[in-house]
S.K.: 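Below is a structure I'd like to ask you about.
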Amino acid sequence: MSAPLERALEAALFAAEEPISIDSLSEMLGGAAKEDIRESLSHLVGHYEERGIHLVTRGGRWHFETAPDLAHLLRREREQQRKLSRAATEVLAIVAYHEPVSRAEIEAIRGVQTSGGTLDVLMEAGWVRIAGRREVPGRPTIYATTPEFLDHFGLFSRKDLPGLNELRAAGLLDPVEEAFEALMGDGEDDPGSGTGDSAD
Amino acid sequence: MSAPLERALEAALFAAEEPISIDSLSEMLGGAAKEDIRESLSHLVGHYEERGIHLVTRGGRWHFETAPDLAHLLRREREQQRKLSRAATEVLAIVAYHEPVSRAEIEAIRGVQTSGGTLDVLMEAGWVRIAGRREVPGRPTIYATTPEFLDHFGLFSRKDLPGLNELRAAGLLDPVEEAFEALMGDGEDDPGSGTGDSAD
Amino acid sequence: MNDGTLLHSSGDISLDEWNGVAVATQTDDSALYLELDGWAGPLDLLLDLARRQKVDLRSISILALVDQYLDYIEQAEALKLELAADYLVMAAWLAYLKSALLLPKDEQEEPSAEELALRLQLRLQRLGAMREAAARLMARDRIGRDVFLRGAPEGLEIARRTRWRCDQFALIEAYGRVKARTAPAVHMVRERPVMTLESAISRVSAMLGVTLEWRQLEDFLPPHADPQLRRSALASSFVAALELARLGKAELDQDEVFGPLRLRRPQ
């Protein structure tokens, strides 16, 4: 017999059409204490851990999904997702690991112009959004990922991006110019390119 | 730790868009024996019995649904308070004083046309109900108040509504008289002009 | 013709590696354009070539890479493939880089060839890192491919319900308003006010002041349409006339019974 709050959370998360934040859960359950909700959710996570469905949290929002190891039973041919082009996957990765990022910055990394369609596809998929403008000359639009991105790729949060820490530690998320100067040492009298807004 | 077949059934039923028969489940799970499926399903029914979601069968097909006692969580109501319009208040009062009344009768008493929406609002508010049809040509729908109406307005019964004499004593039938007095009031014999429309 | 004939015959870079990533669609038309076939531009091609060195990108030989690239372009030209301009620009730049790298250090211009090579290497590393990250991202358990959401969620309906406000007083008042507005009974107003004797006296005496002629009593009445009030005014004015005559302030005259009553100021 599970506690009333757990039952209520189970039902709400089961019935929900999209992931729900703890705030919304609290509101839905007549203002239940968020602490209690958190505790019940972690109970539920434990309860479902070895079952066919899992309770997961992505970017602070919660949902049930099937256990990944059962994918083969559930995959349906008719529902093949539209595959992303390689360009789109690269752009998505660049946005995710560098966000917020401007198109010029994306292009500097990829060495090619990014067709407008690529970002559109990612925005249409709901994974990338416009995150404002960078306050530099030209005020370029900058892009970032969405909560749905975390949902879709099963990421607890952006920190959960695979290899993020290693990439950061290796300086691979820094612009070329910054990395270049770091390598050449500060012996040079080159003032450097400052903001590192974009390589090349 | 649940058995592999149970896990698979859980996931399959969770992800299914409609209830599934045991035959389909067997097919989906690579030809699992129906006996085993039946047994696992009954385990699962027991497992979920007291949880927030239930595993149920209807006409030989299985699906998960939220526990019936938690249905209220799924249909949250966000209440907004609104003042009942003047017209609606009048109609409500007429229903209360004259019930059961037809719409035509309400209009005759009010002296103005009454939109159907007004009665809808009153029914939505839970104060007015359809009380059948009047056995006259055209068999018009007749309306009456509900027990919630008495509750809301703090009335023990409709008899608690003040009668016309009391209304008059309270000055509530005054508007026209008062208008006349206001015109004649200062003792002067010239009534002047005036529309009698003025309420205090 | 596709990218496979040129590069992938050696087989160490398979696009299958890109889990979940679509290989650029290969139609007969696109076969003529290398960049559509497999590489998103020269940097991408360079990266593929660099990976074929099977070493960490930090220790690739830029010189060897340049050679590979130039070979590739040469091969492509031999096959009369139409190369996009930026591949050729890159080829020219790499040819320059190669010659600079081969010069003794003291003969190199600024920036040195080593610096240019380092920059190229850094760029390749970054692109490589992002490609790898993309592959790892795509390989995650993805909703709709590896994990599935509830197929038929009941949904959380937020019914916007209006709570209507109305109180007892408003209700009763409304009924009073309706009755007052429409019921004919409402016409049971009090008796019409009469014209008082005082006001008749003051009116008649005031009017006598402005004329010397005989005038009928009716001429002294206030102009009222209402017959009831008119009758009251007539009665009051008659009494007023008698009173004024008694006080010597008016003269009364009547020619016959029920004939018109006339009055004037005393002569």
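Note on naming: letters A, B, ... go to the chains in the order of the sequence lines (proteins, then strands), and numbering restarts at 1 for each one.
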S.K.: Treating B/Arg51 as the side-chain partner and A/Arg7 as the backbone partner, does any N or O pair qualify as donor plus acceptor under 3.5 Å?
M.R.: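 Answer holds: no.
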
S.K.: Are more than 12 heavy atoms from other residues, nucleotides or ligands located less than 6.0 Å from atom CZ of B/Arg86?
M.R.: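 Open.
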
S.K.: Please determine, among A/Ala16, A/Ala11, A/Gly30, the option with the most heavy-atom pairs under 4.5 Å with chain B.
M.R.: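 Most heavy-atom pairs within the cutoff with chain B belong to A/Ala11.
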
S.K.: Among A/Ala12, A/Ala67, A/Ala8, single out the residue with the greatest number of heavy-atom pairs under 4.5 Å to chain B.
M.R.: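 Option with the top pair count is A/Ala8.
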
S.K.: So for atom CD, which belongs to A/Glu18, do other residues, nucleotides or ligands contribute more than 12 heavy atoms lying within a distance under 6.0 Å?
M.R.: no

S.K.: Mind checking whether B/Phe14 and A/Phe64 have parallel, tilted or perpendicular rings, split at 30° and 60°?
M.R.: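 Taking A/Phe64 first and then B/Phe14, their aromatic rings stand perpendicular (interplane angle over 60°).
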
S.K.: Contact part of A/His47 toward chain B, heavy-atom cut-off under 4.5 Å: side chain, backbone, both or neither?
M.R.: side chain

S.K.: Around atom NE2 of B/His43, are there more than 12 heavy atoms of other residues, nucleotides or ligands at under 6.0 Å?
M.R.: no

S.K.: Using non-hydrogen atoms and a 4.5 Å limit, figure out which bit of A/Glu65 sits close to chain B: side chain, backbone, both or neither.
M.R.: backbone

S.K.: So does A/Glu17 have more than 12 non-hydrogen atoms from other groups sitting under 6.0 Å from CD?
M.R.: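 Correct, the count exceeds 12.
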
S.K.: Relative to chain A, which segment of B/Leu44 carries a heavy atom at a distance below 4.5 Å: side chain, backbone, both, or neither?
M.R.: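 Side chain only.
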
S.K.: Please classify the contact of A/Leu70 with chain B as side chain, backbone, both or neither, using a heavy-atom distance under 4.5 Å.
M.R.: side chain

S.K.: Starting at CD of B/Glu50, measure out to CD of A/Glu6 and round the result to the nearest 0.5 Å.
M.R.: 13.0 Å

